[in-house]
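Letters A, B, ... are given to chains in the order of the sequence lines, protein chains preceding strands, and every chain is numbered from 1.
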Protein chains: 2
Amino acid sequence: MADVAREVGVTAKTVSRVLNDEEPVAVETRARVMAAVRKLGYQPNLMARNMRVGARDAAIGLVIPEMGNPFFGTVAGGVESAVRARGLTLIVGSSDETAELEQSLIATFLARRVSGLIVVPAAAGHHRHLRSERMAGLPIVFLDRPAVGLTADCVVSANREGSRAGVAHLLSHGHRRIGFVGDVPATLYTRRERFQGYRDALGGSGLPFDRSLVESGHDVEATALATMRLLALADPPTALFAGNNFASMGAVVALARAGRKDVALVGFDDLPLAEALDPPLTVVAQDPAGVGAAAAELVLARLDGDRSKARRATVPTRLIVRGSGELPPRR
Amino acid sequence: MADVAREVGVTAKTVSRVLNDEEPVAVETRARVMAAVRKLGYQPNLMARNMRVGARDAAIGLVIPEMGNPFFGTVAGGVESAVRARGLTLIVGSSDETAELEQSLIATFLARRVSGLIVVPAAAGHHRHLRSERMAGLPIVFLDRPAVGLTADCVVSANREGSRAGVAHLLSHGHRRIGFVGDVPATLYTRRERFQGYRDALGGSGLPFDRSLVESGHDVEATALATMRLLALADPPTALFAGNNFASMGAVVALARAGRKDVALVGFDDLPLAEALDPPLTVVAQDPAGVGAAAAELVLARLDGDRSKARRATVPTRLIVRGSGELPPRR
DNA sequence: TTGTACGCGTTATCAC
DNA sequence: GTGATAACGCGTACAA
């Protein structure tokens, strides 16, 4: 900046004025400064600017469990678009679903003085340590799962309602024994909510809850085995509801291996290849980009001075009918 | 920092020494400073530190086409792990495959004075504008596709060799008419390389190249239609090679819709549900996390002073045999 | 073992 | 319209 100023024969402050479109600067001076900027290839230093201006970095920190997971990847994409539209930059880190990494990432982001924080809480962990930051006015939004030990903004999918709708769909096709293939641990927020939706639907139809119809696993192979166990029951289910995308894949794999095309299946969360399966997979689709965008908007609103009390936003799900969920009960 | 110093009755410099584990500081002074730090909840400001120390942000900027794409998401995960292990932070942006967004993101990252840059070039675009940065010593690594108009480090998958191996696999199962379902535009680096691998394999078996066996599309629906066109030929292929994951999905969808289980298929790039398909999908798998990690390591090596000339790293692919690629030619 | 003086690149304040 | 000066939060160099 000093170089540019010297080149033009003005002070750094004048260059600063030109670069920030501030008044007043003489038209001619402005032109000469711009010319010098181009000639010298000068680029303003955002770090120094952030430090001087706001004492806050013009960036939003995002912590997700895993970047390779298309759900969280798409969430991150939604966050990024919204954040960039506002001229902010996105800083990300993945917690690998561990509380330690999550804490360390959050600490780093805080040390960088990010303008806002969006966190997908790791399975085990709490967020009491963020109380002081929150009270100091830092926008913090939790995503996909609520915070533990902290009252804060939160954006989640309509897990319970979506799950209820998916199971109700199976019920409306005549199924009375519907298995639930869930993820682990069963204490996970999303797992609990979706399981509640399953029970809501059963209750709504006056059906009893049969604990033997519930099995779990935490990856494709484990949920495939869980599915096999359900199919091997003395009084097996005629339909399955899978509580997340891994469970859906596990169920699909198990049904394919067993050569069973007579078991109805609805999965929570859409899959890229759902349409190519045989039969095509009926799902309760989430809106990951929408969830990400909603979280970002909430942060931005707080940044704009919204001081209302913490709120929970729920992003609707959508039942996509493709075939697997409309199979009739096996006679 | 001044507050902490005042609390203890020392100067800011002493606090700085304690926080950076510098010698010499009296053991007792150190303890008192730490106590004051905790009491006041003081957190060092990384922005100010970065600015003072290196004039560089302790961050790496990553530009990818799309975060929701599992391939690029996993790549980003690989980059992030490697970068974090070094105490650096990851800043990301998605270009949506447009040159404009790519340039604007790069400009933002440069303005932030990132310590290194990793870029997946958008389909149309060039990188001449990065010449000065590169000459100034900024580590820049291109990922998945090489830079255009700039000699720079680059990490790519073994596209040509992997594709050759995939097609050779079909040839070894007796196929003589093998269709190629590619993405568009055909000028894309990965598309060109994989197509060359296809031709290499044909040539290696002394088979002529038949232009009518090549069709393309840029999403699942379009590649499904492309596949249908191949199947409708007077002398149709008995096997298909899909040039990327969308093309694989399109081919799978088309074969499912046509009820054709007699056409062999090998896809480039693995799919989460590949195993659940009927028949399970044989693929040439890439190593996205490996590609990301390799790019990060290259940036870090440059950061450590490696001034050797620009090099291209090639990450091997792996043929995963699952069933669809081992179907015999239809008689 | 600790403190002083200064500088990183930028902008706010107020005088000219 | 423009400039001089100070300040953001921290680290370097050197003196005490």
Side-chain angles (χ1 to χ4, degrees), chain A residues 1-37 40-59 87 89 107-115 136 138, chain B residues 1-37 40-59 87 89 107-115 136 138:
Chain A
M1 195 151 164
D3 293 347
V4 173
R6 198 176 311 116
E7 173 86 13
V8 181
V10 293
T11 352
K13 178 63 209 177
T14 301
V15 177
S16 170
R17 282 202 185 88
V18 172
L19 262 34
N20 294 301
D21 272 326
E22 268 178 39
E23 297 292 318
V25 177
V27 186
E28 199 222 321
T29 310
R30 166 158 277 131
R32 282 168 56 216
V33 168
M34 293 304 283
V37 163
L40 277 71
Y42 164 75
Q43 274 194 320
N45 184 327
L46 268 190
M47 268 201 298
R49 170 167 225 288
N50 285 333
M51 188 175 127
R52 176 67 241 232
V53 165
R56 281 275 151 211
D57 191 349
T89 299
T108 305
F109 293 170
L110 291 177
R112 292 185 72 99
R113 302 293 191 270
V114 293
S115 297
L138 182 74
Chain B
M1 193 151 165
D3 293 347
V4 174
R6 199 175 310 117
E7 173 86 13
V8 182
V10 293
T11 338
K13 177 62 216 177
T14 302
V15 177
S16 167
R17 282 201 184 89
V18 172
L19 262 34
N20 294 303
D21 272 326
E22 267 178 39
E23 298 293 319
V25 177
V27 186
E28 197 223 321
T29 309
R30 163 159 281 133
R32 282 168 55 216
V33 168
M34 293 304 283
V37 163
L40 296 161
Y42 165 76
Q43 275 194 321
N45 183 325
L46 268 190
M47 266 201 300
R49 174 171 220 289
N50 285 333
M51 189 175 128
R52 177 68 244 240
V53 165
R56 279 276 150 210
D57 191 350
T89 298
T108 304
F109 293 171
L110 291 177
R112 292 185 73 98
R113 302 295 191 268
V114 292
S115 296
L138 182 75

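Atom CG in N50(B) sits roughly 21 Å away from atom P in dG7(C) (whole-Å rounding). Protein atom CD of E22(A) is 13 Å distant from nucleotide atom P of dT2(D), rounded to whole Å. Rounded to a whole Å, the CZ atom of R49(A) is 20 Å from the P atom of dA7(D). Note: CD (E23(A)) to C1' (dT2(D)) measures 13 Å, nearest angstrom. When the P atom of dC8(D) is taken as reference, atom CG of D57(A) falls 19 Å away, rounded to whole Å. Atom CE in M51(A) sits roughly 14 Å away from atom P in dA12(C) (whole-Å rounding). Rounding to whole angstrom units, CE of residue M47(B) and P of dA7(D) are separated by 19 Å. Remark: P of dG9(C) and CG of D3(A) are 9 Å apart, rounded to the nearest angstrom.
R52(A) contributes no side-chain N or O that forms a donor-acceptor pair with the base of dA12(C) under 3.5 Å.
Using a 4.0 Å heavy-atom cutoff across all strands shown, M1(B) reaches sugar-phosphate atoms only and no base atom.
For the residue pair L40(A) and V4(A), the shortest heavy atom distance occurs at CD2-N, 4.1 Å. Contact record, M1(A) with S16(A): CE-CB, 3.1 Å, taken as the closest heavy-atom pair. Residue V114(B) comes nearest to R56(B) through the heavy atom pair O-NH1, 2.8 Å, listed as atom of the first residue, atom of the second, then distance. Of all non-hydrogen atoms in L46(B) and R112(A), the two that sit nearest each other are CD1-CG, 3.7 Å.
Residues passing the salt bridge (charged side-chain N to carboxylate O under 4.0 Å, His left out) test with R52(B): none are found, sequence neighbours excluded.
Closest-nucleotide positions on DNA chain C for R113(B) and A26(B) were compared, and the one nearer the 5' end corresponds to A26(B).
Looking at N20(B), its side chain never comes within 3.5 Å of a backbone N or O of E22(B) through a donor-acceptor pair.
Interatomic distance, CG of N45(A) versus CE of M51(B), reported as 7.0 Å (0.5 Å rounding).
Looking at residues 6-20 of chain B, you'll see K13(B), S16(B), N20(B) sit with a heavy atom under 4.0 Å from some atom of DNA chain D.
Taking 4.0 angstrom as the limit, T29(A) places none of its side-chain polar atoms (N or O) nearer than this to OP1 or OP2 of dG1(D).
With dT2(D), dC10(D), dT11(C) as the choices, the nucleotide that has an atom nearest any side-chain atom of P24(A) turns out to be dT2(D).
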